[in-house]
Protein chains: 2
Amino acid sequence: MEDRRPASQRIADDLRRSIQSGELAAGERLPSERELASRYGTARNTARAAVSLLASSGLVVAEHGRGVFVRSRGPLIRMSSDRYSPRHHDDELPPFRAECARQGKLGRVEMISVERVTPPPDVAARLSLSTSSKSVIQRESVSFADDDAVHRVTTWIPWSIAKGTGLVRPDVGHPRGIYGVLEGETGHAMTRIREEVTARMPTPDEQGYLRLPPGVPVLDVLHTSLDQNSEPYELTRFVMRADLAGLVYDVPVE
Amino acid sequence: MEDRRPASQRIADDLRRSIQSGELAAGERLPSERELASRYGTARNTARAAVSLLASSGLVVAEHGRGVFVRSRGPLIRMSSDRYSPRHHDDELPPFRAECARQGKLGRVEMISVERVTPPPDVAARLSLSTSSKSVIQRESVSFADDDAVHRVTTWIPWSIAKGTGLVRPDVGHPRGIYGVLEGETGHAMTRIREEVTARMPTPDEQGYLRLPPGVPVLDVLHTSLDQNSEPYELTRFVMRADLAGLVYDVPVE
DNA sequence: GAGTGGTCTAGACCACCTA
DNA sequence: AGGTGGTCTAGACCACTCC
């Protein structure tokens, strides 16, 4: 009966197995830390270490005063590459809200700010701008599905393009949103997009405004729109909760 | 001089600030846990909790017996959507090794297994197969850049297609790899791809074979290849270290 | 009030690395 | 040998939730 593995890992492994086998179903409460400690004959801290291993890998979530619960993973909000397609120009709902509706959720977008700012270096580089002062309009918003913040969206448009359009104000007022304005009022039609996708753990402020439980990474998508001259005219960064949202690319092989 | 925040968080915040300001540069060692404890007048456990907060968000990495070090983040290995393009058919190096070379690294792929298996349900569904027994060939490999495991690749091909080709053996022996075989010997030409992208924390076995430090999420990409009849004929799952690799999609708006 | 997780203390011993 | 992180103990008090 050798047991070379540390007690905390043994407890964590036992719990993980119980979860994966379905013995502990999604939403169910784990034994309390004190219960685990006495059951395994360890100090409470040790049982607690085991639970926090599972928490930091996103398997369970602790609720203060209530217990530790198995996280449930529903279907993801899927941001598809065809969300910019002309096929969808006459849709009733914008892509995010349509996807939420498809899953029986209520989509909602909350505008945070619209400002003329100096672009961060990675943004300036992709828009072929010098990092000269206040050369872009920055629009920030947060998208919700049924009160869960799903992603934060930050859009940058060169001031030289956005100047004089409705894009400098929070309410856009165009049936097709900012892309409608960009095509209709400034003549930039989207012909290609380029999206650079990474994943990482959230920063503390992202944890804050997305209300992220520990152990949930974010998808970080840097989107560039190219116009009919293959020139970049708009950049958007999506920071998405990876446990609530995913990406789908459906593309031709060229 | 109010300090309502817990001491461990205060220490973590101070360290985070030092790192972000560059005061603690990438690769540098943090003060030891005992040093932090005495500096802040807390128990060692408290200082340790602070450090492990940073570790689980991927900012630092602990090395047993040596210290805790600020993680450096180099440029990512970028898997681009054009890696399947006919434009690259005559390239000297396959896409992964070419990308590594571009970054001065040595790319290498290690074959793990080639087996005839019963497909997992999500795979069977996308290949329009019943989950009947052993209906696919499964090929597994791990890709390395300079001794770092960057991603694990699992490919499934329906047995009805792979039967009788070189795909049932580990060494493929075609200049263009498995896609060359699929096009040349079975007549399935790739016309579209569909990639479903999510991110999550790794499972314990992924932590093992990718040698993942804590606090590093993985990108989980489920790739489907469609042939000239828009039928799926091959599926691949990439599980990628998100701190070493990213994705790039460069696609037309249709 | 009883039970839960959140934080903390002040020790201890072990495993690993550097010298 | 001495310093580092890894694990653990046996307590304590606090904050929150539920009844």
Side-chain angles (χ1 to χ4, degrees), chain A residues 2-15 19 24 27-71 204 207-208 211-216, chain B residues 2-15 19 24 27-71 204 207-208 211-216:
Chain A
E2 291 238 344
D3 243 345
R4 64 162 61 73
R5 278 199 345 294
S8 56
Q9 284 189 34
R10 231 164 32 85
I11 302 175
D13 286 349
D14 285 355
L15 290 171
I19 292 169
L24 277 167
E28 264 189 273
R29 220 198 72 188
L30 267 57
S32 77
E33 296 171 353
R34 289 164 178 87
E35 163 74 19
L36 286 171
S38 87
R39 191 183 297 179
Y40 284 88
T42 70
R44 184 186 153 208
N45 277 356
T46 303
R48 184 173 170 75
V51 172
S52 79
L53 273 180
L54 301 188
S56 73
S57 71
L59 223 54
V60 302
V61 63
E63 296 184 25
H64 195 169
R66 306 211 322 120
V68 178
F69 299 85
V70 180
R71 277 253 290 278
Q207 272 177 51
R211 294 197 197 299
L212 279 168
V216 175
Chain B
E2 292 239 345
D3 244 343
R4 62 161 62 71
R5 282 205 334 299
S8 56
Q9 284 188 34
R10 229 163 34 83
I11 301 176
D13 287 349
D14 285 356
L15 290 172
I19 292 169
L24 278 168
E28 265 190 272
R29 219 198 73 187
L30 267 57
S32 78
E33 296 170 352
R34 289 161 175 90
E35 163 74 19
L36 285 170
S38 87
R39 194 185 292 180
Y40 283 88
T42 69
R44 183 186 153 206
N45 277 355
T46 304
R48 184 173 170 74
V51 171
S52 79
L53 273 180
L54 301 188
S56 74
S57 73
L59 224 53
V60 302
V61 63
E63 298 184 24
H64 195 168
R66 305 209 328 117
V68 178
F69 299 85
V70 180
R71 277 255 289 279
Q207 273 176 50
R211 293 195 197 298
L212 279 168
V216 175

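Throughout, protein chains are lettered first and strands after them, A, B, ... in sequence-line order, and every chain is numbered starting at 1. From a predicted model like this one, the values you see are computed outputs, not experimental measurements.
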Subject >> Short side-chain N/O contact to D:dG3 OP1/OP2 from B:Ser32, under 4.0 Å >> reply: no
Subject >> Where B:Val70 and B:Leu30 come nearest, the two heavy atoms and their spacing >> reply: CG2-CD1, 3.7 Å
Original post:
Sequence neighbours excluded, which residues qualify as salt bridge (Lys or Arg N to Asp or Glu O under 4.0 Å) partners of A:Glu28?
Top reply: none
**OP:** Specify the separation, in whole Å, of atom CD of B:Glu33 and atom P of C:dT9.
**Re:** 14 Å
Original post:
OP1 or OP2 of C:dG6 less than 4.0 angstrom from a side-chain nitrogen or oxygen of B:Gln9, does that happen here?
Top reply: no
Subject >> Residues that A:Arg34 engages under salt bridge (Lys or Arg N to Asp or Glu O under 4.0 Å), provided they are two or more places apart >> reply: none
Original post:
Contact class for A:Val51 (heavy atom, under 4.0 Å): base, sugar-phosphate, or nothing?
Top reply: nothing
**OP:** Have a look at the helix from C:dG1-D:dC18 to C:dT18-D:dA1 and give the angle its two end axes make, five pairs each, rounded to 10 degrees.
**Re:** 10°
Original post:
Just to confirm, is there a sub-4.0 Å distance from OP1 or OP2 of D:dG5 to any side-chain nitrogen or oxygen of B:Arg48?
Top reply: no
**OP:** Round to a whole Å and report the spacing from OH of A:Tyr40 to C1' of D:dC8.
**Re:** 17 Å
Subject >> Closest to side chain of B:Arg66, choosing from C:dT4, C:dG5, C:dT18 >> reply: C:dT18
Original post:
A:Phe69 has an atom CZ; how far is it from atom C1' of C:dG5, in whole Å?
Top reply: 11 Å
**OP:** Just jot down the salt bridge (Lys or Arg N to Asp or Glu O under 4.0 Å) partners of B:Asp14, sequence neighbours excluded, or say none.
**Re:** B:Arg17
**OP:** Kindly write out the residues that satisfy side chain to side chain contact (heavy atoms under 4.5 Å, CB included) with B:Pro213, not counting sequence neighbours, or none if the list is empty.
**Re:** B:Val61, B:Arg71, B:Val216, B:Arg241
Original post:
Measuring from B:Thr46:OG1 to B:Glu33:CD, what's the distance to the nearest 0.5 Å?
Top reply: 11.0 Å
Look for any protein N or O under 3.5 Å of an N or O in nucleotides 11-15 of chain C and output each such pair with its distance, or none.
from: C:dA15; atom 1: N3; to: B:His64; atom 2: NE2; distance (Å): 2.8

Original post:
Counting any heavy atom closer than 4.0 Å, what does B:Ala49 reach on the DNA or RNA strands: base, sugar-phosphate only, or nothing?
Top reply: nothing
Subject >> Results of salt bridge (Lys or Arg N to Asp or Glu O under 4.0 Å) for B:Glu35 - residues two or more places apart only >> reply: B:Arg39
**OP:** Measure the distance from CG on B:Leu30 to C1' on D:dG3 and round it to the nearest whole Å.
**Re:** 16 Å
Original post:
Is any side-chain N or O of A:Thr46 closer than 4.0 Å to OP1 or OP2 of D:dT9?
Top reply: yes
Original post:
Who are the side chain to side chain contact (heavy atoms under 4.5 Å, CB included) partners of A:Asn45, not counting sequence neighbours?
Top reply: none
Original post:
Is any side-chain N or O of A:Ser8 closer than 4.0 Å to OP1 or OP2 of D:dT7?
Top reply: no
**OP:** Measure the distance from CD on B:Glu35 to C1' on D:dG2 and round it to the nearest whole Å.
**Re:** 16 Å
Original post:
In whole angstrom, what separates A:Arg29's CZ from C:dG3's P?
Top reply: 11 Å
Original post:
Excluding sequence neighbours, so at least two apart, what forms side chain to side chain contact (heavy atoms under 4.5 Å, CB included) with B:Ser57?
Top reply: A:Met201, B:Leu59
